[in-house]
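Note that these values count all heavy atoms, side chains included, but never hydrogens, waters or copies made by symmetry.
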Amino acid sequence: MRSIVLSLLIVLCMGSCRSVKTHNHTITKLHSAEALHEDVDKLYTQLKRNHPKLYQYITKQDLEFKLDSLKQSITTPLTSKAFYRKLAPVFATIRQGHLSLRPARKRYKKKDWKVLKKKKFEFYELDFEYLDEKLWVKRTVGKDSSYVGAEVLRIDGTPVKSLIETYKTRFASDGYNTTLHNRAVGRFFKVFYVRDRGFLDSLEVTFRTPDSTYSKMFKRVSKKTKKTPKDTLNAKQDSLKPPTPKKKPSKADLKARQLAKKKKRKTNKVYGYISRSKEYTRNFKFIGTDSTVAYMKVRGFSNGNYKTFYKESFQKIKTLKTKHLIIDLRDNGGGRVAEVQYLYSFLTDQPFQFTEKSEVANRWPFLKVLTSNTTPIVVKSIATLLTPLFVGHSLFKIKKQDDKLYYNLRDSKLKQPHALHFDGEVYVLINGNSFSASSLIATHLKATQRATFVGEETGGAYNGCVAGFYKMYELPATKLIARIGLMQLEAPYKQEPDGYGIRPDVEILPTAKDRAADRDVELEWILKNMKH
């Protein structure tokens with residue numbers, strides 16, 4: 001038995017090594033024009049089968065014309081990356097913000113991956129923002145903060161302006177608004193650049209500050225901090241000193257440490273700790289010398305124990321009789337519908353239906369997710385065994401109405417306001433990166449005239465989006481990955497024309513000058529307006 005197991009492990013290891021080598025060869029070789037045409041056709045077939053609102057912002061005739069024109073333009077063999085650069089702009093014209101396309105990534109053997117995990121790419125420590133048609137370093141999570149506030153001119157000799165214009169064509173907002181493009185192209189600039197260039201060991205970036213223009217070579221370096229000569233000297237001197245006897249901690253000390261660790265874990269879970277930036281997803285505080293104005297910053301709706309956070313926050317508001325609440329949804333890319341529905345229950349005093357029933361393209365959305373060609377064989381096998389369960393669930397949840405299929409969401413049932421609901425004045429801060437679930441709650445607050453919106457139009461649409469569950473489909477020849485949303489999520493409110501976000505009552509756009517002066521001009525307006 002041991003020899004059989006050992007033989008199987010050797011075979012699996014050899015197969016894995018071969019698959020890595022085969023995959024990497026596939027994504028770098030030239031693919032014939034016929035194979036590329038077939039990838040376009042198969043992708044379109046997947047979209048028609050799975051996306052319930054494929055022609056919401058583009059007609060079937062226009063989309064098929066664009067796809068046919070793309071195929072006609074491909075007459076010679078291309079690599080996967082070159083094909084991605086041609087296909088992504090056409091894919092983006094569907095104008096569904098949750099649809100995405102990414103090139104295939106290079107794979108690594110286990111031993112190579114272990115080595116890579118011990119290193120970090122210095123360039124990834126920079127966070128960017130696109131303002132005044134320029135790319136700026138917004139902050140850095142590394143120790144060197146000298147780049148903050150600097151304008152990025154060139155990357156490996158390529159002007160940033162041309163990169164920005166190219167990347168804007170490779171993704172879409174929900175519908176026709178453009179605010180998402182200007183915000184997301186800065187926020188996710190690193191993602192777009194790596195998709196375009198692939199894996200990098202070094203990268204030269206040219207910066208401009210008010211005082212100078214200079215270049216910096218960013219490299220892939222060890223995660224361990226190198227010791228300076230001074231550190232070495234101090235360590236040597238310490239070694240010459242007589243060792244200080246370590247005091248054994250008392251039981252009380254040990255218990256206090258355990259309680260402190262437990263408290264920290266609880267705080268991190270409730271507020272949603274983000275380890276990279278060392279900040280929290282959810283934040284709550286009072287602005288000013290008293291408790292008149294409460295400020296709630298929510299960076300996303302995806303991690304942490306949100307119910308505890310909102311209960312505690314609104315309990316404080318009720319106890320201290322707060323009059324004004326500012327909810328900051330800027331740069332909030334969305335997340336769980338259950339969380340935004342729960343948050344909304346604290347902001348209304350009326351029974352409400354948070355979402356409509358969700359339109360789907362077929363009766364088996366869960367099976368589509370689990371049996372896609374990117375799903376591991378083990379998961380597919382389990383999904384096959386559980387098929388009767390999925391079929392029964394779908395028959396119970398999905399009903400046909402007016403020749404369309406609708407999934408009966410939990411959030412489409414009538415809900416009651418929370419006992420701690422807030423009745424005071426609400427302000428909501430939004431921008432182009434307010435997307436998906438954050439746009440969904442903004443739609444409710446806008447439609448019911450419950451809040452005053454300050455900032456710029458959201459990147460997410462007022463009339464909903466196609467998200468919920470996603471099918472990850474790998475194009476057979478080029479190995480590009482398409483992410484396809486399977487469920488339409490929308491509030492019971494609509495606006496005309498379709499395809500635009502929640503517009504602010506007071507439009508305020510920050511500038512690079514505001515950032516340099518560390519001014520939050522949107523928040524400043526709200527606080528000034530409260531005084532009046």
Look at the rings of His98 and Phe435 and say which category their plane angle falls in: under 30° parallel, 30 to 60° tilted, over 60° perpendicular.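 Ring orientation of His98 relative to Phe435: parallel.
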Check against side chain to side chain donor-acceptor pair (under 3.5 Å), Asp211 and Thr209: CA-CA 5 Å; Asp211 301 324; Thr209 65; 5.0 Å; no
Partners passing side-chain contact (heavy atoms from CB on, under 4.5 Å) against Thr45 (at least two apart in sequence or in another chain):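 Result, side-chain contact (heavy atoms from CB on, under 4.5 Å) vs Thr45: Arg49.
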Partners passing side-chain contact (heavy atoms from CB on, under 4.5 Å) against Pro497 (at least two apart in sequence or in another chain):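 Here the qualifying residues are Tyr500.
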My understanding is that only residues two or more places apart in sequence, or in another chain, count here; which of them pass salt bridge (charged side-chain N to carboxylate O under 4.0 Å, His left out) with Arg410?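 For Arg410 there are no salt bridge (charged side-chain N to carboxylate O under 4.0 Å, His left out) partners, ignoring immediate neighbours.
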State which residue, out of Phe207, Trp136, Phe123, fulfils the ring-ring contact (aromatic ring centres under 6.0 Å, His included) condition with Phe128.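 Single pass found, and it is Phe123.
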Could you give me the CA-CA distance, side-chain angles and deciding distance for Gln341 and Leu440, then say whether side chain to side chain contact (heavy atoms under 4.5 Å, CB included) is met? CA-CA 9 Å; Gln341 181 268 122; Leu440 186 58; over 6 Å; no
Would [X] and [Y] count as having a side-chain donor-acceptor pair, cut-off 3.5 Å?
{"X": "Gln495", "Y": "Tyr493", "value": "no"}
{"X": "Thr319", "Y": "Gln315", "value": "yes"}
{"X": "Ser146", "Y": "Asp144", "value": "yes"}
{"X": "Asn182", "Y": "Thr178", "value": "no"}

Heavy-atom count check: over 12 atoms from other residues, nucleotides or ligands less than 6.0 Å from [X] [atom1]?
{"X": "Arg102", "atom1": "CZ", "answer": "yes"}
{"X": "Asp290", "atom1": "CG", "answer": "yes"}
{"X": "Lys397", "atom1": "NZ", "answer": "yes"}
{"X": "Lys269", "atom1": "NZ", "answer": "no"}

From the options Arg208, Arg515, Lys138, Lys161, select the one residue that forms a salt bridge (charged side-chain N to carboxylate O under 4.0 Å, His left out) with Glu151.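 Only match with Glu151 under salt bridge (charged side-chain N to carboxylate O under 4.0 Å, His left out): Arg208.
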Walk me through it: do Glu339 and Arg282 pass the test salt bridge (Lys or Arg N to Asp or Glu O under 4.0 Å)? CA-CA 12 Å; Glu339 180 172 346; Arg282 297 172 200 85; 2.9 Å; yes
Does [Y] offer a backbone N or O that forms a donor-acceptor pair with the side chain of [X] under 3.5 Å?
{"X": "Ser372", "Y": "Val369", "value": "no"}
{"X": "Ser358", "Y": "Gln488", "value": "yes"}
{"X": "Lys190", "Y": "Tyr124", "value": "yes"}
{"X": "Ser394", "Y": "Arg363", "value": "yes"}
{"X": "Glu457", "Y": "Gly501", "value": "yes"}
{"X": "Thr374", "Y": "Met472", "value": "yes"}
{"X": "Glu456", "Y": "Gly432", "value": "yes"}
{"X": "Ser434", "Y": "Asn431", "value": "yes"}

Over all atoms of both residues, closest heavy-atom pair of [X] and [Y]:
{"X": "Ile398", "Y": "Pro365", "value": "CD1-CD, 3.7 Å"}
{"X": "Arg187", "Y": "Asp331", "value": "NH1-O, 2.8 Å"}
{"X": "Leu429", "Y": "Ile326", "value": "CD1-CG2, 3.9 Å"}
{"X": "Gly455", "Y": "Pro504", "value": "O-CG, 3.5 Å"}
{"X": "Thr158", "Y": "Ser162", "value": "CG2-OG, 3.6 Å"}
{"X": "Ile94", "Y": "Ile58", "value": "CA-CG2, 4.0 Å"}

According to the salt bridge (Lys or Arg N to Asp or Glu O under 4.0 Å) rule, which pairs have a member within residues 481-504, sequence neighbours left out?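 Counting only pairs at least two positions apart or across chains, the salt bridge (Lys or Arg N to Asp or Glu O under 4.0 Å) contacts touching residues 481-504 are Glu490-Lys494.
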Looking at Phe218, is Lys216 sitting on its ring face, NZ or CZ under 6.0 Å from the six-membered ring centre and within 45 degrees of the normal?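 Judged by the rule (NZ or CZ under 6.0 Å from the ring centre, within 45° of its axis), Lys216 counts as positioned above Phe218.
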Quick check for you: to the nearest 0.5 Å, what is the distance between Ser173 atom OG and Asn433 atom CG?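 One finds 11.5 Å between OG of Ser173 and CG of Asn433.
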Pair [X] + [Y]: ring centers closer than 6.0 Å:
{"X": "Tyr130", "Y": "Tyr167", "answer": "no"}
{"X": "Phe309", "Y": "Tyr271", "answer": "yes"}
{"X": "Phe301", "Y": "Tyr306", "answer": "no"}
{"X": "Tyr310", "Y": "Phe422", "answer": "no"}

Indicate yes or no: at least one non-hydrogen side-chain atom of [X] is less than 4.5 angstrom from one of [Y].
{"X": "Asp505", "Y": "Lys446", "result": "yes"}
{"X": "Arg139", "Y": "Ser145", "result": "no"}
{"X": "His51", "Y": "Val466", "result": "yes"}
{"X": "Thr458", "Y": "Thr179", "result": "no"}
{"X": "Arg183", "Y": "Leu131", "result": "yes"}
{"X": "Leu329", "Y": "Phe453", "result": "no"}
{"X": "Val137", "Y": "Val152", "result": "yes"}
{"X": "Phe354", "Y": "Leu409", "result": "no"}

Qualifying side-chain hydrogen bond (donor to acceptor under 3.5 Å, both in side chains) pairs, either residue in residues 464-474, two or more places apart: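 As it turns out, the side-chain hydrogen bond (donor to acceptor under 3.5 Å, both in side chains) pairs with a partner in residues 464-474, which skip direct neighbours, are Gln46-Lys471.
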I'd like to know if Arg330 and Asp328 make a salt bridge, using a cut-off of under 4.0 Å between side-chain N and carboxylate O.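 A salt bridge is present here (some side-chain N lies under 4.0 Å from a carboxylate O).
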Could you go step by step and tell me if Tyr57 and Tyr176 meet the ring pair (Phe, Tyr, Trp, His ring centres under 6.0 Å) rule? CA-CA 8 Å; Tyr57 303 120; Tyr176 309 105; 5.6 Å; yes
Test log, rule side chain to side chain contact (heavy atoms under 4.5 Å, CB included), inputs Tyr344 and Thr448: CA-CA 12 Å; Tyr344 183 69; Thr448 57; 3.7 Å; yes
Evaluate the side chain to side chain contact (heavy atoms under 4.5 Å, CB included) criterion for residues Arg170 and Asp196: first the C-alpha distance (whole Å), next the side-chain angles of each, then the deciding distance (0.1 Å), finally the verdict. CA-CA 10 Å; Arg170 294 180 182 172; Asp196 196 37; 3.1 Å; yes
Output all residues satisfying ring-ring contact (aromatic ring centres under 6.0 Å, His included) with His181, sequence neighbours left out; order by chain, then residue number.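 Counting only residues at least two positions away or on another chain, His181 forms a ring-ring contact (aromatic ring centres under 6.0 Å, His included) with Phe171.
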Go through it in stages, so that I can follow the logic: the residues are Glu356 and Tyr406, the test is side chain to side chain contact (heavy atoms under 4.5 Å, CB included), and I'd like the CA-CA distance, side-chain angles, deciding distance and then a yes or no. CA-CA 9 Å; Glu356 297 274 27; Tyr406 292 93; over 6 Å; no
